[in-house]
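Please read these numbers as outputs of a predicted model, since none were measured by experiment.
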Amino acid sequence: MTERIWDAIVVGAGPAGATIARELARMGCAVLLVDKSPFPRGKVCGCCLNGSAMATLKQLGLGYILADLGAVPLRSLHLSSGHRSARLPLPTGVSLSRSAFDHALVQAAIASGATFLPTVTAKLGTLEDGLSTLMLAPQDVSIVTRLVIAADGLNGRLMAPVGERQTIAAGSRIGGGAIVDQPPAFYEPGTIYMAVAPSGYVGLVRLEDGRLDVAAAFDADSVRERGGLERAAGSVLKSAGMPAIPSVAWRGTPPLTRTTRRLSGPHWFTVGDAAGYIEPFTGEGMAWALAGAASLAPLAAEAIRSRKWDTRWEQRWETIFQQVIRQRQGTCRLVARFLRSPTLCRVAITVLSRVPRLATPIIKRLNHNPRIIPGL
């Protein structure tokens with residue numbers, strides 16, 4: 001392994017990393033996929049796949065994963081704030097645990113010919129004659145590749161040696177999540193529950209095994225004032241008139257909304273959360289990750305086969321990302337701003353409780369089929 005030259009090394013085996021590793025392997029590239037965690041690995045955020053994510057999976061021939069793993073169809077969104085609530089119909093979508101879904105995507109990449117190394121961290125080394133060197137730990141070995149793909153998620157630091165770091169947006173909320181083994185009966189399968197308060201929001205959905213996934217976004221000050229993620233979530237649920245959940249272990253995330261200065265450079269691309277992230281609402285981040293990986297794969301394969309870097313690939317990935325991802329993130333940015341206004345949120349929920357169809361345009365926009373642009 002250390003003596004060969006890989007066509008691509010993908011760092012990060014989340015949905016974006018595993019998907020692009022699979023696609024490149026299917027195109028005949030020698031691909032090494034690495035991740036710092038053992039697989040299957042637990043992850044609480046992103047357990048909802050909307051219509052856009054499902055459409056991308058189908059286009060890639062991966063739609064079978066959802067049926068095979070028993071994903072739970074989603075039929076409605078229960079939105080609550082200040083003891084007001086509205087139930088909105090969802091056109092499509094499923095809930096599925098990240099441990100099962102991410103593992104299935106990694107297995108699909110392996111089945112297509114990619115090599116996978118879990119429990120490995122990668123650090124970017126030198127770039128000479130069109131070849132990049134990465135150092136792998138704890139093996140303490142160096143490997144060589146023609147192309148590096150950074151899919152190392154929020155706060156990813158793989159490309160820091162070439163001056164690329166994520167910039168956190170002012171006022172960015174932090175994320176948190178938990179899994180509840182024995183949830184209250186109020187939280188039924190097939191519905192996304194969303195409790196909204198000025199300090200943040202909490203989303204809850206049943207998984208394929210009956211457990212309850214809880215994912216939230218909070219103002220950092222509110223978490224500190226209340227003494228942690230669990231109490232912050234309890235406060236939001238109480239203010240929205242929704243049942244409390246049992247005490248469980250919570251996991252936090254770095255600040256959610258962030259941007260990157262560049263999406264690519266000589267012999268490297270970023271994809272997924274590593275390419276920038278906007279505070280999501282009901283699983284949009286998963287749709288962005290899958291659509292981004294599907295769109296980048298043909299361009300990355302072209303760069304690998306050329307063997308000589310062309311700056312036009314950087315411009316093309318920026319254009320593709322703008323059209324496929326950033327335009328969709330704009331909708332979530334508007335929704336996030338709306339949710340931060342208690343007055344607007346409560347008025348809207350009151351109106352939607354009487355006329356649910358008024359939410360149809362936004363729900364359709366969040367669920368419409370992705371615009372995959374292979375290579376432009």
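- The closest side-chain heavy-atom distance from Ile179 to Val248 is not below 4.5 Å.
- Partners of Glu225 by side-chain hydrogen bond (donor to acceptor under 3.5 Å, both in side chains), not counting sequence neighbours: none found.
- Atom CG of Leu96 and atom CZ of Arg98 lie 10.0 Å apart (nearest 0.5 Å).
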**Request:** Determine, step by step, whether Leu263 and Glu314 satisfy the side chain to side chain contact (heavy atoms under 4.5 Å, CB included) criterion, reporting the C-alpha distance in whole Å, the side-chain angles of both residues, the deciding distance to 0.1 Å, and the verdict.
**Result:** CA-CA 7 Å; Leu263 297 173; Glu314 301 173 34; over 6 Å; no

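- Side-chain contact between Leu90 and Leu88 is absent, with no heavy-atom pair separated by less than 4.5 Å.
- Of all non-hydrogen atoms in Val236 and Phe218, the two that sit nearest each other are CG2-CE2, 4.0 Å.
- Side-chain heavy atoms closer than 4.5 Å link hydrophobic residues (I, L, V, M, F, W, Y) into clusters, and following such links, even through other members, never connects Leu127 to Leu134.
- No donor-acceptor pair closer than 3.5 Å links the side chain of Ser306 to the backbone N or O of Glu302.
- Of all heavy-atom pairs between Met27 and Arg305, the closest is O-NH2, 2.8 Å.
- Using a 4.5 Å cut-off on side-chain heavy atoms (C-beta onward), Leu204 and Ile245 make contact.
- With contacts defined as side-chain heavy-atom distances shorter than 4.5 Å, the pair Leu124/Met159 qualifies.
- When all heavy atoms are compared, the tightest approach of Val205 to Thr191 is CG2-O, 3.8 Å.
- Hydrophobic clustering (side-chain heavy atoms under 4.5 Å, transitive across Ile, Leu, Val, Met, Phe, Trp, Tyr) keeps Val141 apart from Met135.
- For Trp309, the ring-ring contact (aromatic ring centres under 6.0 Å, His included) partners are His267, Phe269, Trp313, not counting sequence neighbours.
- Contacts of Ser132 classified as side-chain hydrogen bond (donor to acceptor under 3.5 Å, both in side chains), with partners at least two apart in sequence or in another chain: none.
- Looking only at distances, a side-chain donor or acceptor of Gln166 sits under 3.5 Å from a matching main-chain atom of Asn155.
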**Message:** Is there a side chain to side chain contact (heavy atoms under 4.5 Å, CB included) between Leu105 and Thr19? Walk through the geometry before answering.
**Reply:** CA-CA 7 Å; Leu105 290 178; Thr19 298; 4.1 Å; yes

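- Cluster annotation: Leu117 is connected to Ile9 through the hydrophobic network of ILVMFWY side chains, with a link wherever side-chain heavy atoms come within less than 4.5 Å.
- Sequence neighbours left out, the pairs with a member in residues 202-211 that pass side-chain hydrogen bond (donor to acceptor under 3.5 Å, both in side chains) are Ser97-Glu208, Asp209-Arg211.
- A donor-acceptor pair under 3.5 Å is absent between the side-chain atoms of Asp7 and the main chain of Ile304, judged by distance alone.
- Looking at Ser112 and Arg26, their side chains never bring a donor and an acceptor atom within 3.5 Å of each other.
- The aromatic rings of Phe39 and Phe116 lie perpendicular to each other, with more than 60° between the two planes, well past the 30° mark.
- In terms of hydrophobic clustering, with Ile, Leu, Val, Met, Phe, Trp and Tyr side chains grouped at heavy-atom distances under 4.5 Å, Val214 and Tyr201 are assigned to different clusters.
- Put simply, the side chain of Arg146 reaches to within 4.5 Å of the side chain of Leu131, judged on heavy atoms.
- With values rounded to the nearest 0.5 angstrom, Leu296 atom CG is found 3.5 Å from Ile20 atom CD1.
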**Request:** Kindly determine whether Leu74 and Cys48 satisfy side chain to side chain contact (heavy atoms under 4.5 Å, CB included), including the steps that lead there.
**Result:** CA-CA 9 Å; Leu74 296 173; Cys48 291; 4.1 Å; yes

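- In this structure a side-chain-to-backbone donor-acceptor pair under 3.5 Å is missing from Ser199 to Asp219.
- At least one side-chain heavy atom of Arg22 sits under 4.5 Å from a side-chain heavy atom of Leu60.
- In this structure, Ser172 and Ile168 approach most closely via the heavy-atom pair CB-CG2, 3.8 Å.
- In this structure Arg262 satisfies the salt bridge (Lys or Arg N to Asp or Glu O under 4.0 Å) test together with Glu164, sequence neighbours excluded.
- The shortest side-chain heavy-atom distance between Asp35 and Leu33 does not fall under the 4.5 Å cut-off.
- Between atom CH2 of residue Trp317 and atom CH2 of residue Trp268 there is a gap of 12.0 Å, rounded to the nearest 0.5 Å.
- Taking OG1 from Thr92 and CG from Asn50, the interatomic distance works out to 8.5 Å, rounded to the nearest 0.5 Å.
- Within the 4.5 Å cutoff, no side-chain heavy atoms of Leu62 are placed close to those of Leu290.
- Taking His78 as the reference, Phe186, Tyr193 meet the ring-ring contact (aromatic ring centres under 6.0 Å, His included) condition, with sequence neighbours excluded.
- Note: Leu69 CG to Tyr64 OH = 9.0 Å, rounded to the nearest 0.5 Å.
- Under a 3.5 Å cut-off, the side chain of Thr56 and the backbone N or O of Ser52 do form a donor-acceptor pair.
- Under a 3.5 Å cut-off, the side chain of Glu230 and the backbone N or O of Ala249 do not form any donor-acceptor pair.
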**Prompt:** Please walk me through it: do Arg41 and Asp102 pass side chain to side chain contact (heavy atoms under 4.5 Å, CB included)?
**Reply:** CA-CA 8 Å; Arg41 56 103 165 88; Asp102 291 13; 2.6 Å; yes

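- Here the CD atom belonging to Gln59 is positioned 12.5 Å from the CE atom belonging to Met54, to the nearest 0.5 angstrom.
- For Asp140, the CG atom is loosely surrounded, since the number of other residues' heavy atoms within 6.0 Å does not exceed 12.
- No donor-acceptor distance shorter than 3.5 angstrom exists from the side chain of Thr133 to the backbone of Gly125, with no hydrogens or angles considered.
- Cluster membership check: Leu207 does not share its hydrophobic cluster with Leu212, using side-chain heavy-atom separations under 4.5 Å among Ile, Leu, Val, Met, Phe, Trp and Tyr.
- Taking all atoms of both residues into account, the shortest heavy-atom contact from Ser81 to Ile349 is CB-CD1, 3.5 Å.
- Taking both residues in full, the closest heavy atoms of Leu79 and Val196 are given as CD1-CG2, 3.8 Å, listed atom of the first, atom of the second, then distance.
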